[in-house]
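Input: a single structure, listed below in structure tokens.
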Amino acid sequence: MMQTPLTMTQMLKRAEMFFPKKQVISRTTSGIQRFSYKEFADRTRRLADSLTKLGVEKGEKVGTLAWNHHRHLEAYFAIPCMGAVLHTINIRLTPQHISYIINHAEDKVLLVDPDILPLLEKCGSELNTVKAFIVMTDEPELPETTLSPVYHYENLLKEANRTFSFPDDIDENAPAGMCYTSATTGNPKGVIYTHRGIVLHSLALGLADSGGLSEKDVAMPVVPMFHVNAWGMPFAGVWFGTTLVMPGPYFTPKLLAELIQTEKVTITAGVPTIWLGLLKELEEGSYDTGSLRSILCGGSAAPKGMIKTFEQKYKIPFKHAYGMTETSPLALISTLKSYQEELSPEEKLELRSKQGTLVPGLEMKIVGKDGEVAWDGKEMGELCLRGPWIASEYYKDERTKDAFRNGWLHTGDVVTIDEEGFVKIVDRTKDLIKSGGEWISSVDLENALMAHEAVFEAAVVAIPHERWQERPIACVVLKDAYKGKTRKEELFDFLKPQFAKWWIPDDILFLDEIPKTSVGKFLKRTLRDQVQREVLK
Ligand code: AMP
């Protein structure tokens, strides 16, 4: 067989060639804008030309700090297709982590939404490698900013060449994108996505038994484009000629329901928090969601009750999937086998609420304390994955050796697998807290609390939350001299200036002691049970 390179350029070219009439529907601050794929491709080539003129070279990183909209989609293709690396930055991180990420990736140029400028300004003097900032605004004038030099996205595009030609010698194993994922402790860890990985992951997203994404779909990625490439939906969507609906900044459940109705969205993707919000909206309002053939849900466990309501009350098929930043992300998806359709509704729901079976193209093993676990739905082990869209290391990071061993990614997720190969996540080995689809590091909060003069020990654990999936609760042991004298408000005031608002624990409990393991580590699982009994009673 021929050895032709699998690059993103062929994905864009296919869209240009076969689907010029298809649409990208983008919600921005000034409302809904519609672009044909022809316009999208022209603008993408213009952006590549502009970045080239700004001095971006092959292999260099271009960062984005942006919501889901057409300009971000243009960056998704312009940057990799010109041979540079698309670095999507999580705008919900602290300025310290954002500065670290930009410096560590050595971003040359940053593309930023106007409302995110103030956050970036906080990093301003820390950024060592950035040579230019491009503001992706609808307004004719650039906003006031302390950053420099600053360019206007649309003005750059106006002056650029729409027939810019992409290099045709990109290696399929060259980096196309990168994304940082939060760590239990310390700085976020970078993952590089290659052209080949993105192409093969996109194919997997189109398989009938996985995402089944196709030209006929109207796809709305709700999952942010800074979170594992919006699960690859923009890449695959453009390749397949899918109509894309980009929900833009600060969307609400109402807005999502309206977009589903008016744009006749057929498939959408996001974390459970989003779907809990949508469910509430559907219960309160009156919407036609008949066009939806699939809600893809992952990032955190999807509650069974939610799946049931979507499917039985609203007749919206729900697909529970599992993945990580390190896995591009699609790795497991809960699709029933033909003969399982005959099971009772309860049995089917049980299976559908598991994370599912392995997507074709990947390999998996589940390792317990005595080797690979039995397929009995009971024995627990760590999920290990390998395959062409699984990362092989963290970018310039010595923590690589913890997760990548003997050719396998050790996910840190503890799972069981049943007789039919359906995997269920039972716990995480790490104790990060996932609120609204974003990580909160318990260790960072603990360290901050323990820096307070009155605090002897502090441990932060998650409790389940109806809207956000999980929220942090802090458990604090006060020093003897402060017992009975320190109020929780004092500790809240101490934390607030140090963290993003959504990181602040929902409550602070004063305990006499924190349960510990034999080596003196906090016994988080026991503590979590204790706190859940206390808080949720
Ligand atoms: P991230 O890299 O931010 O996407 O987070 C990846 C982690 O999210 C995984 O290691 C799991 O712990 C968790 N996760 C992802 N999908 C699911 C799911 N469907 N159910 C439960 N946990 C999940």
Side-chain angles (χ1 to χ4, degrees), residues 88-93 97 101 177-184 188-193 201 210-211 221-233 269-276 295-304 306-307 318-335 351-359 362 364 366 380-385 389-391 394-395 399 402-404 408-417 422-442 462 464 468-470 524:
T88 52
I89 301 165
N90 185 343
I91 57 176
R92 302 211 177 105
L93 297 178
H97 276 167
I101 284 173
M178 80 181 300
C179 191
Y180 281 73
T181 178
S182 298
T184 328
K189 300 176 282 189
V191 171
I192 294 270
Y193 305 107
H201 180 266
S210 69
V222 180
V223 49
M225 290 171 88
F226 54 77
H227 189 180
V228 213
N229 302 319
W231 300 350
M233 205 176 230
V271 295
T273 308
I274 299 288
W275 308 129
L276 285 169
I295 289 184
L296 263 179
C297 179
S300 282
K304 218 191 288 181
M306 177 174 81
I307 303 181
F318 206 86
K319 277 209 170 171
H320 192 194
Y322 161 93
M324 314 170 72
T325 305
E326 293 85 333
T327 66
S328 295
L330 188 59
L332 300 171
I333 192 156
S334 201
T335 306
L351 277 178
R352 308 276 314 286
S353 63
K354 292 189 179 186
Q355 282 71 14
T357 55
L358 190 68
V359 170
L362 299 181
M364 150 188 111
I366 300 166
M380 290 183 201
E382 185 180 21
L383 176 65
C384 301
L385 292 164
W389 59 89
I390 308 291
Y394 291 121
Y395 180 64
R399 288 169 291 181
D402 304 331
F404 301 92
W408 291 89
L409 163 69
H410 293 249
T411 63
D413 288 310
V414 179
V415 306
T416 60
I417 183 164
F422 278 64
V423 174
K424 182 176 180 197
I425 312 276
V426 280
D427 205 351
R428 307 198 268 272
T429 47
K430 2 175 204 173
D431 286 300
L432 283 165
I433 297 157
K434 206 159 203 196
S435 172
E438 297 295 333
W439 291 115
I440 296 175
S441 163
S442 54
W468 303 112
Q469 293 295 294
E470 284 182 348
K524 287 279 182 76

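Numbering of ligands and ligand atoms starts at 1, following listing order. One-based numbering along the sequence shown.
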Query raised in the report: Do Leu383 and Leu332 come within less than 4.5 Å of each other through their side chains, counting heavy atoms only?
Result: yes
Query raised in the report: Under 4.0 Å from ligand 1, counting heavy atoms only, is it the side chain of Cys297, its backbone, both or neither?
Result: neither
Query raised in the report: Which atoms of ligand 1 are found less than 4.0 Å from any heavy atom of Gly323?
Result: 6 (C), 9 (C), 15 (C), 16 (N)
Query raised in the report: Donor-acceptor pair, His320 side chain versus Ser353 backbone, under 3.5 Å?
Result: yes
Requested in this report: For Lys434, counting its heavy atoms only, list the atoms of ligand 1 lying under 4.0 Å from any of them.
Outcome: 3 (O), 5 (O), 8 (O)
Requested in this report: Would you mind reporting whether Tyr322 and Thr327 have side-chain heavy atoms less than 4.5 Å apart?
Outcome: no
Report task. Could you list which atoms of ligand 1 come closer than 4.0 Å to a heavy atom of His320? Result -> 18 (C), 19 (N), 20 (N)
Requested in this report: Go through ligand 1 atom by atom and flag the ones less than 4.0 Å from a non-hydrogen atom of Thr181.
Outcome: 2 (O)
Report task. Verify whether one side chain among Asp402 and Tyr394 offers a donor that lies under 3.5 Å from an acceptor in the other. Result -> no
Query raised in the report: Should Ile307 and Trp275 count as side-chain neighbours, where that means a heavy-atom distance under 4.5 Å?
Result: no
Report task. Indicate yes or no: at least one non-hydrogen side-chain atom of Arg92 is less than 4.5 angstrom from one of Phe226. Result -> yes
Query raised in the report: For ligand 1, is there an N or O atom under 3.5 Å from any N or O atom of Ala302?
Result: no
Query raised in the report: Taking atom types as modelled, is there a side-chain donor on Ser442 or Lys524 under 3.5 Å from an acceptor on the other?
Result: yes
Requested in this report: With heavy atoms under 4.0 Å as the rule, classify the contact between Thr325 and ligand 1 as side chain, backbone, both or neither.
Outcome: both
Query raised in the report: Can a non-hydrogen atom of Ala321 be found less than 4.0 Å from any atom of ligand 1?
Result: yes
Query raised in the report: Relative to the heavy atoms of Gln355, which atoms of ligand 1 are at a distance of less than 4.0 Å?
Result: 18 (C), 19 (N), 20 (N), 21 (C)
